[in-house]
Each structure stands twice: as structure tokens, then as C-alpha cells.
Amino acid sequence: LCSQHEHQSLSKSQFQLDMIDRYGNLADKKREIRELFSALRSTEAERLSLVGGDRERARTEDFLRFQLNEIDEFAPKEGEEEELGGERKRLLNSTQLGDSVQHTLQMLADESNSGDDVQTMLGRAAQRLGKALQLDPSLQTAADAVERAVVEVNEAIDQLSSYASSLEVDPNRLEQIEERLSRWSDLKKKYGATTTEVLATRSKIEHELSEYEHRQEKIAALVTSVETLKADYLKTARDLSKKRKNIAKTLKASIQAELCELMMPGTQFDIEFEELNIEHIGAEGIDRVQFLFSPNPGEGLKPIARIASGG
């Protein structure tokens, strides 16, 4: 005997499938198939989440590549902008700088041999102080200072002469610097207020592109995982289905025997299996079952659900 609720449950395919599994002690096999289905579903969902929005991702990836190429083509370097700014300032004031350097050189080393330039006068001073040093050694410190001054003035003359020569540059150099600094300005408007920020932006863009590239690798790995899980699932599900069908034969015989004991020899009972399409597989496997029953001799087998509903 069974309650009305149990009677109604018995007419449901899922209840009938559970009944077969309980009868055959297939709990471990069902747990295995459920775990495989859960892994398959979650892996496929992850793959779809990465594949979804491919068009938008492609646009974003193209834009990131454009930005990276723009920065790399310019090839910014730390300190370059400041150096160019200093060189630009020198070129713009090259005439004034040249006049100042030449005037200073004349004061330090007058080529007219007038004798009133710093180099000549320091040389005379060192020479006279050297003679005085022979009479009084306490002048050594002062003599050393004068000698150092002579050396430093000579070094200054060499440096200023070299600097004066460097002012004679390619007349197109200023135009090249102006163009480079203008591009620097445009680059900073897009990617950061300083060179450090521009380079940091470049690193960020490169990292994002790397993520996109790894995404394709991850999708390929997920596709492989889905196929592997699907194969494992189907193998396990078919094995479970085979066990269910063997158990169903035993269950059918047992129920048929009980019906005979209940003085219902003309009744018939059967269990029908249907294999689900791959699109409809689930956590219970690939089987859909139906208990069939014929209460009267000569009547064809009908699903218990139809008999229970009066159909």
C-alpha cells in the first residue's frame, strides 16, 4: 500500500529512475555521474563566458595594439624631454651664448698678447710667488692655491673653447627638436603627464594585451577540457545505463511476481528505457525511464502516469 502522494510520485519518470537506482544500490555511480556533469557544465560555462563578446573584445584588442604601437614608435626615454628642452634653449640663444663665451675667453686668454688676460697674469703671479717661496716657505699654501687657479683657468679655457665649437650645429637641428617636443606633448596628453606615467601606461597596455593572448590559450584549454569531460561523462553514463537496464530486468521480474501473488495474473508490467540526446543530458545520466502497466488481460501496456490520471 502507498499514500496518494507516493502514488502520484510513482507516475513520474524521475521517481521511477530513482527507484531503479535505489533498488540496484547505484548511489556511488550516481554521485560520480553528477560530479562529472557538474564539472562539465561549469567548464562549458567558463568557456562560453570567455567566447561571448568576441567582437567587442577584438575591437578593444585592436585599439590596445594601436596604443602600444604609437608609444613604441615614439620610443620615449626617461630624461629625454628635459635634455631636448635644454638643447632647444641653447639653440634659441646660441648667438647670445656664443658672444658671452667668446668675451669670456678673451678675458681669460687674450690672443693679442696684450698681457692683461687672466691666464697671463696668473702665470706671472705663480712665477713671482715661486721665487718668493724660496725666501719664505710659509708662502707654500698661497703658492699652491695660485697653481690650482692656473690649472682651473686652463681647464675652463678648454671647456669654453669646446663649448663654443659645439654651438656651430646643423641648422635643421632646432626644427627636429621642435617636432620631437611637439610629439612629446601629444603623447603626454594621451598617456600621462610625465615620461614615467607614459611608460607606466605602456606597461599596463602590454599586460592587458598579454591577458587577451592568454585568453585564447585558455579558451583552447577549456575546449579540450570540455571534450575530455564529455567523453568521461558519456562513458560513465553508458556504464550506469547498462547497470540500470540489468537491474530493471530484476525489478520487473520481482514486481511481476508480486502481482501474481496479489491474484492479478493477467496484469503486465514493463520498464521502458529511452536514451537522451546529447543536448538533453543531465546530472542523472542519459536515461529516461517509463514504468508501463496493463491492468487487464488483452490491454496494451500504458505508462503508469496515463493510467493514474485515468487516460
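A chain of hydrophobic side-chain contacts below 4.5 Å, direct or via other Ile, Leu, Val, Met, Phe, Trp or Tyr residues, connects Val150 to Ile157. With hydrophobic clusters built from ILVMFWY side chains whose heavy atoms lie under 4.5 angstrom apart, Leu292 does not share a cluster with Ile271. When hydrophobic clusters are built by joining Ile, Leu, Val, Met, Phe, Trp and Tyr residues whose side-chain heavy atoms come closer than 4.5 Å, directly or via intermediates, Leu68 is not grouped with Phe66. Placement of Ile33 and Leu276 in two distinct hydrophobic clusters is found when ILVMFWY residues are connected by side-chain heavy-atom separations under 4.5 Å, directly or transitively. Two different hydrophobic clusters hold Leu251 and Leu301 under the rule that ILVMFWY side chains link at heavy-atom gaps under 4.5 Å.
With Glu81 as the fixed residue, the salt bridge (Lys or Arg N to Asp or Glu O under 4.0 Å) test singles out one of Arg183, Lys188, Arg88: Lys188.
Looking at Lys30 and Asp18, their side chains come closer than 4.5 Å, going by heavy atoms from C-beta outward. Within the 4.5 Å cutoff, the side chain of Phe74 has no heavy atoms near those of the Val198 side chain. Side-chain contact between Asp72 and Arg202: present, with at least one pair of heavy atoms (C-beta onward) separated by less than 4.5 Å. The side-chain heavy atoms of Lys242 and Arg238, taken from C-beta on, include no pair separated by under 4.5 Å. Put simply, the side chain of Asp99 does not reach to within 4.5 Å of the side chain of Gln96, judged on heavy atoms. With a 4.5 Å cut-off on side-chain heavy atoms, Ile286 and Ile278 do not count as touching. Looking only at side-chain heavy atoms (C-beta outward), Leu199 and Pro76 come within less than 4.5 Å of each other. A heavy-atom distance below 4.5 Å is found between the side chains of Gln67 and Tyr191.
The pair Glu284-Arg34 counts as a salt bridge, with a side-chain nitrogen and a carboxylate oxygen less than 4.0 angstrom apart. Between Lys29 and Glu32 there is a salt bridge, since at least one side-chain N of the basic residue sits less than 4.0 Å from a carboxylate O of the acidic one. Between Glu44 and Lys230 there is no salt bridge, since none of the side-chain N atoms of the basic residue sits less than 4.0 Å from a carboxylate O of the acidic one. With respect to the salt-bridge test (charged N to carboxylate O, under 4.0 angstrom), the residues Glu46 and Lys218 qualify. Using a 4.0 Å cut-off between charged side-chain N and carboxylate O, Arg31 and Glu35 make no salt bridge. Ion pairing between a basic and an acidic side chain is recognised when a charged N comes within 4.0 Å of a carboxylate O; Arg180 and Glu80 show such pairing.
Annotation for Ile205 and Leu64: closest pair CG2-O, 3.4 Å, computed over non-hydrogen atoms. What you find for Ser225 and Thr43 is that their closest heavy atoms are CB-CG2, 3.9 Å. Of all the heavy atoms in Asp117 and Leu108, the pair that sits closest is OD2-O, 3.2 Å. Here the closest non-hydrogen pair linking Ala237 and Gly285 is CB-CA, 4.4 Å. Taking all atoms of both residues into account, the shortest heavy-atom contact from Leu139 to Ala132 is CD1-CB, 3.7 Å. Here the closest non-hydrogen pair linking Val289 and Gln16 is O-OE1, 3.5 Å.
With hydrogens and angles disregarded, no donor-acceptor distance shorter than 3.5 Å links the side chain of Asp239 to the backbone of Lys235. Of the possible donor and acceptor atoms, none in the side chain of Asn277 sits under 3.5 Å from a partner among the backbone N and O of Glu279.
Between the side chains of Gln176 and Asn172, no donor-acceptor pair is found at a separation under 3.5 Å.
Glu82 CD: more than 12 foreign heavy atoms inside a 6.0 Å radius. With a 6.0 Å radius and a threshold of 12 heavy atoms from other residues, nucleotides or ligands, Gln14 has its CD atom above the threshold. Heavy atoms from other residues, nucleotides or ligands lying under 6.0 Å from CD of Gln127 number 12 at most. Other residues, nucleotides and ligands contribute only 12 or fewer heavy atoms inside 6.0 Å of the CZ atom of Phe63.
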So Asn296 and Glu299, side chain to side chain donor-acceptor pair (under 3.5 Å) or not? Walk me through it. CA-CA 6 Å; Asn296 301 306; Glu299 286 189 23; 2.7 Å; yes

Asp158 and Ser161: side chain to side chain donor-acceptor pair (under 3.5 Å), yes or no, with the steps? CA-CA 5 Å; Asp158 289 341; Ser161 297; 5.6 Å; no

Evaluation steps, side chain to side chain donor-acceptor pair (under 3.5 Å), between Glu78 and Thr196: CA-CA 7 Å; Glu78 287 283 5; Thr196 301; 2.8 Å; yes

Carefully, step by step, assess Glu272 and Arg288 under the rule salt bridge (charged side-chain N to carboxylate O under 4.0 Å, His left out). CA-CA 8 Å; Glu272 181 181 75; Arg288 179 184 288 129; over 6 Å; no

Could you check Glu211 against Arg215 for salt bridge (charged side-chain N to carboxylate O under 4.0 Å, His left out), going step by step and ending with a plain yes or no? CA-CA 6 Å; Glu211 289 292 315; Arg215 173 179 157 273; over 6 Å; no

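In this structure, Phe37 and Tyr233 have tilted ring planes: the angle between them lies in the 30° to 60° band.
In this structure, CG on Asp232 lies 10.0 Å from CG on Leu40, to the nearest 0.5 angstrom. Put simply, CG on Leu26 and CD1 on Ile20 are 9.5 Å apart, with the number rounded to the nearest 0.5 Å. Rounding to the nearest 0.5 Å places CZ of Phe293 at 10.0 Å from CD1 of Ile255. Here NZ of Lys252 is found 9.0 Å from CZ of Phe269. Values are rounded to the nearest 0.5 Å. The distance from atom CG of Leu97 to atom CG of Leu91, rounded to the nearest 0.5 Å, is 9.5 Å. Tyr163 contributes atom OH, which lies 11.0 Å from atom OG1 of Thr104 (distance to the nearest 0.5 angstrom).
Cation-pi geometry between Arg22 and Phe15 is met: the NZ or CZ atom falls under 6.0 Å from the ring centre, inside 45° of the normal.
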